[in-house]
Amino acid sequence: MHDLYAFVRGPLAWAAFGVFIGGSLYRLLHLLMLVHRKEKFIYSYMSWKYSLRSILHWMTPFAAVNMRMNRVLTVVTFAFHLGLILTPVLLLSHVLLWEESWGLSWWTLPDGVADVMTVIVIAGCGYFLVRRLAQPEVRYVTSASDYVILAIAAAPFVTGFLAYHQWFAYEILFILHILSGEIMLAAIPFTRLSHMLFAPFTRAYMGSEFGGVRHARDW
Amino acid sequence: MTESASKDKSKQLDEGLERGMAALTEAKIEKAINRVLTGETGARLKAYVETCIHCGLCSEACHYFLSHDRDPRYSPVGKVKQTLWEMLKKRGRVSPEFIKQARLISSTQCNLCKRCAMYCPFGIDVAYLMLVVRRICHLLGVTPRYIQDTAHSHSVNMNQMWVKEDEWIDTLQWQEDEARGDLPNLRIPLEKEGAEIMYSVIGPEPKFQAQLIYQAAVIMNVAGLDWTMPATPGWDNSDMAMFTGDNELMGRLKRVHFETAMRLKVKKIVMGECGHAFRSVYDVGNRWLGWRMPPIPIVHAIDFYYDLLKTGRLKVAKKFEEPVTLHDPCNVVRGGGLADKARYVVNALCENFIEMHPNREHNICCCAGGGVINAGPPYKMVRIEGNRVKAEQLFAVKAKGATVLITPCHNCHSGLEDINHHYHIGFEIKFLGDILYEVIEKPAG
Amino acid sequence: MKRWALAPVLALASLWLWAPGFSQEDMTAVDASPFERPQRAPALFKHDAHNEKAGIDACNECHHVHRDGKKVEDESSEGERCADCHGRMTQGRVPSLTIAFHTNCKGCHLEQQKGPVMCGQCHVWRPIKAGAAAE
């Protein structure tokens with residue numbers, strides 16, 4: 001177990017962060033280069049003002065018409081994404097690992113709050129799964145990869161939750177938790193989880209087109 | 001294999017599709033698809049396809065989807081799945097039948113209205129993706145016959161309706177004659193170099209809506225404007241090539257149009273109440289030619305009327321009394337931000353204005369735009385059945401008392417006429433210009 | 001629930017509360033009293049059993065004294081509380097109490113490839129059931 005622990009905590013963690021950061025940079029650069037090579041005109045339409053206007057509107061719950069039309073989904077999706085990003089970043093045990101390895105530390109969530117957020121993320125995954133299966137227009141455009149990325153996102157939280165509460169086989173869950181977190185990190189640039197990277201750009205572009213050219217709202 | 005909903009709907013054969021399809025081989029298809037998907041497109045296509053999380057939230061935006069009882073095949077993303085996703089997945093190795101279906105989906109089940117871009121959390125532009133599909137089908141020669149015919153006319157005459165040069169001049173002189181009944185000294189100045197305004201219209205106006213030119217001439221003369229119309233090809237601002245996927249032809253058209261205005265040394269182009277033409281000269285065609293914004297200011301009729309009323313160059317003698325409602329055309333409201341100005345004009349002209357809901361950027365499309373009505377009679381019912389929600393929206397505003405439906409767009413006009421008629425809604429449909437012409441103070445003739 | 005059923009729970013709780021007061025032979029967990037709001041259960045630690053098993057004789061193996069960033073070999077600090085030096089936050093080269101504990105225990109365990117290294121192996125919520133893990 002010591003070897004395994006040392007492996008997932010050491011080289012594999014390096015690899016996961018490397019793939020995540022390097023891969024993300026690669027994907028973003030590749031996209032920007034593609035813009036540069038073939039759609040340079042996009043630069044001339046980009047506007048900070050309208051990009052931010054659009055991004056902020058779509059980051060504010062219920063600020064867009066479609067969010068008001070799908071109230072439950074809006075609540076779930078905001079809670080889910082907040083939990084998905086904030087919980088791992090602000091979790092005490094994670095920050096301690098950073099401090100032990102790098103001497104870096106920052107404010108952390110009380111474990112009880114993090115626990116609730118974890119449950120919210122897991123429940124959110126469940127909601128998305130049910131929605132995918134039950135809503136015809138979602139089911140129609142669902143492919144196997146959609147279930148895979150949902151599982152990739154859910155796994156670190158399910159294993160983390162079980163490990164935190166020390167239910168079932170603790171040691172195995174602990175290792176699985178680290179492993180699934182690393183899989184998720186590495187998967188972000190190379191699956192459609194990359195919407196995390198690209199969404200600000202697609203949003204900014206549409207915001208700029210709507211604001212600068214079309215003089216209309218895009219929310 | 002995906003099966004399009006249109007298969008069972010349009011029983012009439014479309015020669016343009018059938019003959020186009022018959023001439024296809026798998027090798028040709030693969031070549032054309034890859035030419036577009038790897039050659040002509042770039043970051044946008046890639047980002048849109050790879051960012052889409054398949055959430056289906058765009059569905060709520062689409063009138064086809066809503067009108068077909070939420071049939072997922074009609075949702076924006078559903079249409080992308082049936083077309084682009086397959087092409088990408090199979091790297092272009094799709095059948096001729098698939099191309100025909102892709103053409104039907106992209107050209108008769110999507111109006112490129114971009115409402116879905118406002119409902120997608122990522123701002124994915126499905127209209128753009130449908131245009132990419134249209135482009136592929138165009139390169140393969142699979143295009144509905146009627147709209148291809150208008151594109152041919154564009155190519156030959158630089159106008160949409162096979163109007164010959166002498167017929168054009170003749171029509172203008174005829175309308176000048178007619179309008180002198182209203183204003184004895186009225187002129188439609190042809191080829192006046194250095195005029196402030198070049199007035200441009202779409203091909204169908206001289207062809208079968210010449211009274212619109214008459215009205216415009218009266219408005220120009222009453223307002224005392226320095227204007228002109230060209231006597232040469234280049235007068236038509238319409239653009240069916242933009243909708244078939246024939247970008248090269250679109251470029252030729254817009255170039256002639258802009259160059260005509262340059263030749264006449266006018267300060268701006270004022271255009272009639274047309275939506276798609278505005279899209280072509282203001283947003284799409286100019287870009288193809290390398291102009292970030294149009295090389296010469298483009299003033300849509302709404303904006304033009306707004307200015308004339310606001311500055312008092314036109315005065316309203318007696319406001320239009322019947323209760324009116326306003327349909328916001330996608331190309332000038334979602335595409336040009338003219339919602340407020342349109343309301344100013346309507347309120348200036350009419351006693352009683354009743355809003356329909358949703359409205360402004362969120363208005364439901366007429367289902368005629370994006371070249372769908374131009375795909376011709378085989379698809380009339382596709383448009384009408386594909387827009388039941390528009391009928392519901394119109395019934396609701398009628399229940400509030402509106403009897404006249406104003407829409408400042410040709411396509412909207414024709415599309416709404418069909419819906420109005422089919423669903424027995426009972427609106428009288430008017431252009432802003434119709435009412436403006438009717439209510440302004442005119443010097444005694 | 002019958003009242004007598006509470007007895008073992010209370011006994012256990014009091015054991016925890018009083019743990020620091022007990023002599024080292026009876027110690028079952030690390031003294032968590034300096035932590036204002038501990039997020040985890042105190043780390044299980046049986047002092048004598050651990051040292052016997054690990055073969056540790058020198059007190060300053062753990063109860064170290066650092067001066068100018070260097071461990072002073074012949075001094076030890078078993079008379080003091082860890083919290084006397086290690087505060088809530090890391091200060092300069094003196095790690096916070098949490099980090100000091102982690103480095104002291106886990107660091108050695110990793111070096112020796114023996115003993116618990118995962119959070120929940122020491123911070124056990126239900127020590128009776130999982131107590132064996134700490135040994």
Side-chain angles (χ1 to χ4, degrees), chain A residues 27 30-42 44-45 54-55 58 64-67 69-70 73 77 128 131-132 135-143 145-146 149 191-207 209-219, chain B residues 2 39-62 65 70-78 80-82 85 89 114 117-125 282-283 287 290 292-293 331-340 358 360-362:
Chain A
R27 293 298 309 273
H30 185 74
L31 191 78
L32 290 176
M33 269 164 56
L34 210 53
V35 172
H36 195 73
R37 207 154 40 89
K38 292 167 89 181
E39 285 166 306
K40 251 187 188 158
F41 76 92
I42 286 178
S44 60
Y45 291 94
S54 181
I55 289 169
W58 283 91
V65 167
N66 208 10
M67 294 183 197
M69 292 173 98
N70 296 278
L73 181 65
T77 200
F128 292 146
R131 182 174 179 272
R132 215 166 251 308
Q135 214 151 311
E137 73 267 27
V138 191
R139 186 171 186 162
Y140 182 65
V141 293
T142 295
S143 51
S145 65
D146 292 302
I149 58 175
T191 61
R192 274 180 298 102
L193 290 175
S194 60
H195 68 273
M196 167 184 156
L197 307 170
F198 296 145
F201 291 89
T202 54
R203 189 78 264 161
Y205 174 62
M206 197 39 73
E209 285 276 0
F210 266 75
V213 178
R214 311 170 78 86
H215 308 301
R217 297 169 298 174
D218 64 329
W219 56 86
Chain B
T2 50
E40 294 187 3
T41 58
R44 276 185 297 171
L45 181 82
K46 207 172 167 57
Y48 289 158
V49 170
E50 292 180 10
T51 306
C52 176
I53 203 76
H54 306 174
C55 67
L57 278 170
C58 52
S59 310
E60 213 65 59
C62 185
F65 172 79
R70 308 179 72 86
D71 181 338
R73 290 174 298 180
Y74 287 99
S75 82
V77 61
V80 180
K81 174 198 158 96
Q82 292 173 77
W85 288 359
K89 202 163 78 185
K114 297 212 191 208
M118 304 167 63
Y119 286 68
C120 169
F122 304 141
I124 292 174
D125 188 353
Y282 176 76
D283 186 4
R287 295 191 193 202
R292 183 182 174 275
M293 294 307 270
N331 284 318
V332 294
V333 170
R334 197 174 302 119
L338 295 177
D340 285 321
R360 296 174 179 259
E361 291 99 332
H362 288 276

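Excluded from the calculations below are hydrogen atoms, water molecules and symmetry mates; all remaining heavy atoms, backbone and side chain alike, are included. Convention: sequence-line order gives letters A, B, ...; per-chain numbering from 1.
- Neither the backbone nor the side chain of A:R37 comes within less than 4.5 Å of any heavy atom in chain B.
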Verdict with supporting geometry, B:E60 and B:R70, salt bridge (charged side-chain N to carboxylate O under 4.0 Å, His left out) | CA-CA 9 Å; B:E60 213 65 59; B:R70 308 179 72 86; 3.2 Å; yes
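- Residue contact with chain B, scored on non-hydrogen atoms closer than 4.5 Å, is absent for A:I55.
- Salt-bridge annotation for B:R287 and A:E209: present, with a side-chain N of the basic residue lying under 4.0 Å from a carboxylate O of the acidic one.
- Applying the side chain to side chain contact (heavy atoms under 4.5 Å, CB included) criterion to B:C58, with sequence neighbours excluded, gives B:P76, B:V77, B:C116.
- Interface summary for chain B: among A:R217, A:H215, A:R192, the most heavy-atom pairs under 4.5 angstrom belong to A:R192.
- Your options are A:D218, A:V35, A:V213, and the one with the most heavy-atom pairs under 4.5 Å with chain B is A:V213.
- Looking at A:F128, there are no atoms closer than 4.5 Å to chain B (heavy atoms on both sides), in backbone or side chain.
- Proximity to chain A is limited to the backbone of B:V333, based on heavy atoms less than 4.5 angstrom apart.
- At a 4.5 Å heavy-atom cutoff, A:R139 makes no contact with chain B through either its backbone or its side chain.
- For A:I42, the part lying near chain B is the side chain, with the backbone staying farther off; criterion is any non-hydrogen pair under 4.5 Å.
- No part of B:V80 comes within reach of chain A, as not one of its non-hydrogen atoms sits under 4.5 angstrom from that chain.
- Across A:Q135, A:H195, A:R131, a single residue satisfies side chain to side chain contact (heavy atoms under 4.5 Å, CB included) together with B:C55, and that is A:R131.
- In this structure, no portion of A:L197 lies under 4.5 Å from any heavy atom of chain B.
- For A:F198, there are no ring pair (Phe, Tyr, Trp, His ring centres under 6.0 Å) partners two or more places apart in sequence or in a different chain.
- Under a 3.5 Å cut-off, the side chain of B:K81 and the backbone N or O of B:R73 do not form any donor-acceptor pair.
- Neither the backbone nor the side chain of A:F201 comes within contact range of chain B, judged by heavy atoms closer than 4.5 Å.
- Interface residue B:D125: backbone and side-chain heavy atoms are both found under 4.5 Å from chain A.
- Interface remark: A:W219 contributes backbone atoms only to the contact with chain B (heavy atom separation under 4.5 Å).
- Both the backbone and the side chain of A:A199 come within less than 4.5 Å of a heavy atom in chain B.
- Of the two parts of A:S194, only the side chain, counted from C-beta on, holds a non-hydrogen atom closer than 4.5 Å to a non-hydrogen atom of chain B.
- If you measure heavy-atom distances from A:H36 to chain B, you find no contacts under 4.5 Å at all.
- The aromatic rings of B:Y119 and B:H362 lie perpendicular to each other, with more than 60° between the two planes, well past the 30° mark.
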